[in-house]
Structure formats: C-alpha cells, structure tokens
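Naming convention: chains lettered A, B, ... in sequence-line order (proteins, then strands); numbering from 1 in each chain. Side-chain atoms are counted along with the backbone in the values below, which use heavy atoms only and exclude waters and symmetry mates.
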Number of protein chains: 2
Amino acid sequence: MIQKLSEHDREKLQESLATTGQKVTPQREIVFAVLLAKRDHPTVEDVFQRARESMPGLSLATVYNCLETFVGCGLVRQVNHERESTRYCPNLAPHAHFRDEATGRVHDIELPPEILQNLRSILPPGFNSETIEISFHGRSQDHAPRPSSN
Amino acid sequence: MIQKLSEHDREKLQESLATTGQKVTPQREIVFAVLLAKRDHPTVEDVFQRARESMPGLSLATVYNCLETFVGCGLVRQVNHERESTRYCPNLAPHAHFRDEATGRVHDIELPPEILQNLRSILPPGFNSETIEISFHGRSQDHAPRPSSN
DNA sequence: TTGCACTTTGGAATCATTCCAACTCATTCG
DNA sequence: CGAATGAGTTGGAATGATTCCAAAGTGCAA
C-alpha cells in the first residue's frame with residue numbers, strides 16, 4: 001500500500017501541474033506517490049499495479065495520462081531502453097542510466113557536470129542540443145537490497 | 001535502384017555472417033546494399049521499400065530477419081529514439097546520434113575515444129558496461145545535402 | 001535422393017500505446 | 001437554484017511496430 005504524499009511532495013506536484021494549467025487529482029496524487037515510493041524505474045504496468053492497491057478503480061488509461069502529464073510539466077523523466085516498455089523516473093538531477101542485462105534493472109548513474117559540458121562540446125557547429133541521453137548497457141555485481149523510498 | 005555490393009562489401013558480409021554460421025543470400029545482399037547506399041538511418045519500412053525496387057518479391061518479415069541477423073553478427077547497429085521505429089546504421093565506428101526534432105533526421109556524431117573513456121570512468125565499481133549509447137536531441141541548422149553513399 | 005540446416009514468406013498474434021466517446025464532478029453563470 | 005462548461009477519468013476499440021509460426025524453398029553432404 002502506497003503512503004500518502006508528504007506535504008512537501010504534494011506542493012511540488014501542485015506547483016508543477018499549475019505551470020501547465022492543470023490540477024491535482026486523487027489519481028495524480030497516487031501515481032506520483034507510487035513513483036516516489038520506490039525509485040526503481042517502473043513501467044506503466046508496474047505503476048498501474050502498485051497504484052491499484054490504493055485505488056482499485058484506477059484505469060490503465062489514466063496511468064498513461066498521468067505519466068504523460070508529469071513528463072509534460074517536468075515532474076518526471078521517461079527512460080527508454082531499446083524497444084522495451086517505457087519506464088519512469090522521478091530523479092530530476094542530471095544522470096545517466098545503467099541497464100543491467102542480467103536483471104533487467106535500471107540504475108541511475110550520477111553525471112558530473114563537466115562530462116555533460118564535455119559532451120556538448122563534441123557537437124559540430126550548428127547543432128543545438130536540448131537534452132542528452134546516456135545509457136550504459138552491461139552487467140553489475142551490485143545486488144544491494146533496496147535503495148528504496150524518498 | 002540499388003547498386004550491387006562491391007567485392008569488398010560482399011566479402012565483409014560473407015565473413016561477418018560466417019562468424020555466426022550463417023550464409024549470404026540474395027535477400028541479405030540487397031538489404032545490406034540498401035544500408036550502405038544511403039546512410040540515413042532508415043527504418044525497417046524504409047529498407048523494405050528501397051529493397052523492393054530491386055527485388056519485388058521481398059517480404060517485410062525477411063527484412064526484419066536480415067536486419068536482426070546483421071545486428072547479431074555485428075554488421076550494423078540499431079538506433080532507437082524514444083518509442084519510434086527502430087532505425088539501422090552501418091557505421092560501426094563509435095559515434096553518438098543527434099536527433100533533429102525539426103526534421104526527424106538522425107545524424108552521426110563522431111565520438112572521441114577520450115570521451116568514451118571519460119564516461120566509462122563515472123561508473124561506480126562493480127558496473128561493467130559493454131556498450132554506451134549517447135543520443136542528443138535538439139535542432140540543427142545543418143541542411144547539407146547528402147553526405148551519402150559509398 | 002534423401003536428409004538436414006538454414007532461409008524465406010504471408011498471415012496471424014502480440015504488446016505497448018493511443019484514441020475515442022461516454023461519463024463524472026466541480027465550478028461558473030444566468 | 002439549474003444549466004453550461006471544462007478538465008479529468010474510464011473501458012474498450014484501434015493502431016502500429018514487431019514477433020511468431022507453420023509451410024515452402026534452397027542448397028549441400030552423405
């Protein structure tokens with residue numbers, strides 16, 4: 001069962017939604033709470049399952065809608081790997097992703113600003129990049145338990 | 001109409017396929033030739049259309065098969081952008097991709113080895129990466145004609 | 001000539017995602 | 001108050017890329 005949003009997170013939600021003229025709804029609160037509760041890059045289906053525990057009537061379409069809305073107002077990031085289902089990630093700090101092909105898990109990799117700068121500098125003149133996506137693909141020995149929570 | 005493979009390219013094809021115990025077929029030759037003829041990161045559908053000009057009976061399933069085979073034996077790379085159709089790229093040198101959101105076109109960006117090294121170094125211990133994918137997303141003023149062919 | 005391994009093919013099946021029309025609910029307006 | 005408006009939600013249908021599958025085809029080797 002998902003814990004309710006903290007006052008702080010609820011405000012963040014409310015403010016971000018407001019920037020695009022949208023409102024807080026019970027469904028959006030729960031979907032957002034699910035993302036914050038376990039930062040394991042869940043798929044839409046994962047979010048759906050988890051959110052349903054708290055709100056059995058919730059529909060899959062709504063989960064799609066909520067997540068799209070969050071991406072639109074900058075609350076979460078989409079993470080795509082090859083052709084697999086899209087995953088969602090509430091970590092807004094610049095970071096790369098490491099996809100462990102043994103477990104299928106996705107780990108965040110901190111991204112030092114100078115690396116980003118470095119990367120931007122290899123673009124030929126005339127190329128202006130808004131976003132850079134970096135994803136590693138391999139195996140990790142890391143089987144740490146849960147990084148968990150927020 | 002697609003030009004036949006050069007002797008050199010045909011050998012490359014033959015050798016790569018051999019490493020995984022597979023054979024050169026007319027279909028594979030044409031699909032490979034299509035990739036080399038215009039290095040614009042075509043989708044499966046693009047390849048299908050272009051290849052059909054030379055071999056009208058070719059089936060879509062076969063194009064999927066060929067491309068998968070080529071990826072498997074290291075002849076070409078897959079390029080994924082968000083949830084769009086997979087694109088294919090015969091450029092094997094390490095490079096990043098720049099996706100121009102205005103035109104939808106994908107450009108290769110040369111990747112200096114030290115940057116790759118740099119990136120590898122930000123992985124925490126225990127993470128071993130086989131491949132790194134880097135994709136920029138933005139707009140370019142570059143409307144150069146065809147870099148084209150070989 | 002028979003068997004075997006690899007290929008190709010068209011159509012069916014799958015699966016994530018998008019679309020859509022009906023419905024809910026809160027708020028605004030006459 | 002009661003209708004109108006509009007954002008949000010919902011379930012099911014539709015879409016689109018990709019995969020699966022079973023039936024043929026194509027050498028090559030025994």
Side-chain angles (χ1 to χ4, degrees), chain A residues 10 13-14 16-34 41-52 54-73 75-89 104 106, chain B residues 13-34 41-49 51-52 54-73 75-88 104 106:
Chain A
R10 201 179 171 292
L13 176 62
Q14 135 75 36
S16 295
L17 285 171
T19 63
T20 44
Q22 290 164 301
K23 303 175 203 162
V24 175
T25 68
Q27 288 87 342
R28 285 173 181 167
E29 284 186 9
I30 289 190
V31 169
F32 191 46
V34 164
H41 308 86
T43 62
V44 175
E45 198 63 37
D46 293 333
V47 173
F48 182 50
Q49 300 299 343
R50 296 178 198 172
R52 273 204 157 208
S54 307
M55 185 184 272
L58 183 67
S59 88
L60 182 59
T62 300
V63 176
Y64 272 98
N65 289 340
C66 289
L67 291 170
E68 194 195 337
T69 301
F70 293 166
V71 171
C73 70
L75 262 179
V76 307
R77 275 176 58 183
Q78 264 183 338
V79 184
N80 287 295
H81 255 286
E82 323 255 297
R83 303 236 95 239
E84 292 171 14
S85 308
T86 301
R87 294 169 177 279
Y88 292 83
C89 163
V106 176
Chain B
L13 176 61
Q14 136 75 33
E15 280 167 22
S16 296
L17 285 171
T19 64
T20 44
Q22 288 165 305
K23 304 176 202 161
V24 175
T25 67
Q27 289 87 343
R28 284 174 182 166
E29 285 187 8
I30 290 190
V31 169
F32 191 46
V34 164
H41 306 89
T43 62
V44 175
E45 198 62 37
D46 293 333
V47 174
F48 182 50
Q49 301 299 342
R52 273 205 155 207
S54 308
M55 184 185 272
L58 184 68
S59 90
L60 182 59
T62 299
V63 176
Y64 272 99
N65 290 339
C66 289
L67 291 169
E68 194 197 338
T69 301
F70 294 166
V71 171
C73 69
L75 264 179
V76 307
R77 277 176 57 182
Q78 262 184 339
V79 184
N80 287 295
H81 255 286
E82 323 255 298
R83 305 236 93 240
E84 293 171 13
S85 308
T86 301
R87 294 169 177 278
Y88 293 83
V106 176

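- Remark: C1' of C:dT17 and CD of B:E82 are 14 Å apart, rounded to the nearest angstrom.
- A:R10 places none of its side-chain heavy atoms less than 4.5 Å from the side chain of A:F32.
- The CD atom of B:Q27 sits 6.5 Å away from the CG atom of B:L58 when rounded to the nearest 0.5 Å.
- Summarising the geometry, the separation between CZ on B:R87 and P on D:dT18 is reported as 10 Å, rounded to the nearest angstrom.
- Within the 4.5 Å cutoff, side-chain heavy atoms of A:Q78 are placed close to those of A:Y88.
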Check: protein-nucleotides 13-17 of chain D nitrogen or oxygen pairs below 3.5 Å:
none

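- Taking the side chain of A:R28 as heavy atoms from C-beta on, and the options C:dG10, C:dT8, D:dT9, the nearest nucleotide is D:dT9.
- Remark: B:T25 is not in phosphate contact with C:dT7, judged by side-chain N or O atoms under 4.0 Å from OP1 or OP2.
- If you measure from atom CD of A:Q22 to atom P of D:dT9, you get 10 Å, rounded to the nearest angstrom.
- Nearest approach of B:R87 to B:H41, heavy atoms of both residues: NH1-O, 2.8 Å.
- Atom CD of A:E68 and atom P of D:dA7 are 15 Å apart (whole Å).
- Atom P of nucleotide D:dT10 and atom CD1 of A:I30 are separated by 10 Å, given to the nearest angstrom.
- Residue contacts shown for A:G21 are absent, as no nucleic acid heavy atom lies under 4.0 Å away.
- In the model, A:T62 has no side-chain atom that pairs as donor or acceptor with a side-chain atom of A:N65 under 3.5 Å.
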Table of protein N/O atoms under 3.5 Å from nucleotides 21-30 of chain D N/O atoms:
none

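- Atoms CZ (A:F48) and P (C:dA16) sit 13 Å apart, rounded to a whole Å.
- Within the structure, a side-chain polar atom (N or O) of A:T62 is placed less than 4.0 Å from OP1 or OP2 of D:dT10.
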**Message:** Assess the residue pair A:T86 and A:T43 against the criterion (side-chain contact (heavy atoms from CB on, under 4.5 Å)); give the C-alpha distance rounded to whole Å, side-chain angles, the decisive distance to 0.1 Å, and a yes or no.
**Reply:** CA-CA 6 Å; A:T86 301; A:T43 62; over 6 Å; no
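- Atom CZ of A:F70 and atom C1' of D:dG8 are 13 Å apart (whole Å).
- Taking CD of B:E15 as the start and SG of B:C73 as the end, the distance is 11.0 Å to the nearest 0.5 Å.
- With B:R83 contributing its side chain and A:R83 its backbone, the two residues share a donor-acceptor pair below 3.5 Å.
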**Request:** Evaluate side-chain contact (heavy atoms from CB on, under 4.5 Å) for B:V71 paired with B:E68, printing each intermediate quantity in order.
**Result:** CA-CA 5 Å; B:V71 171; B:E68 194 197 338; 5.8 Å; no
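- If you take CG of A:L60 and C1' of D:dT9, they are 13 Å apart, rounded to a whole angstrom.
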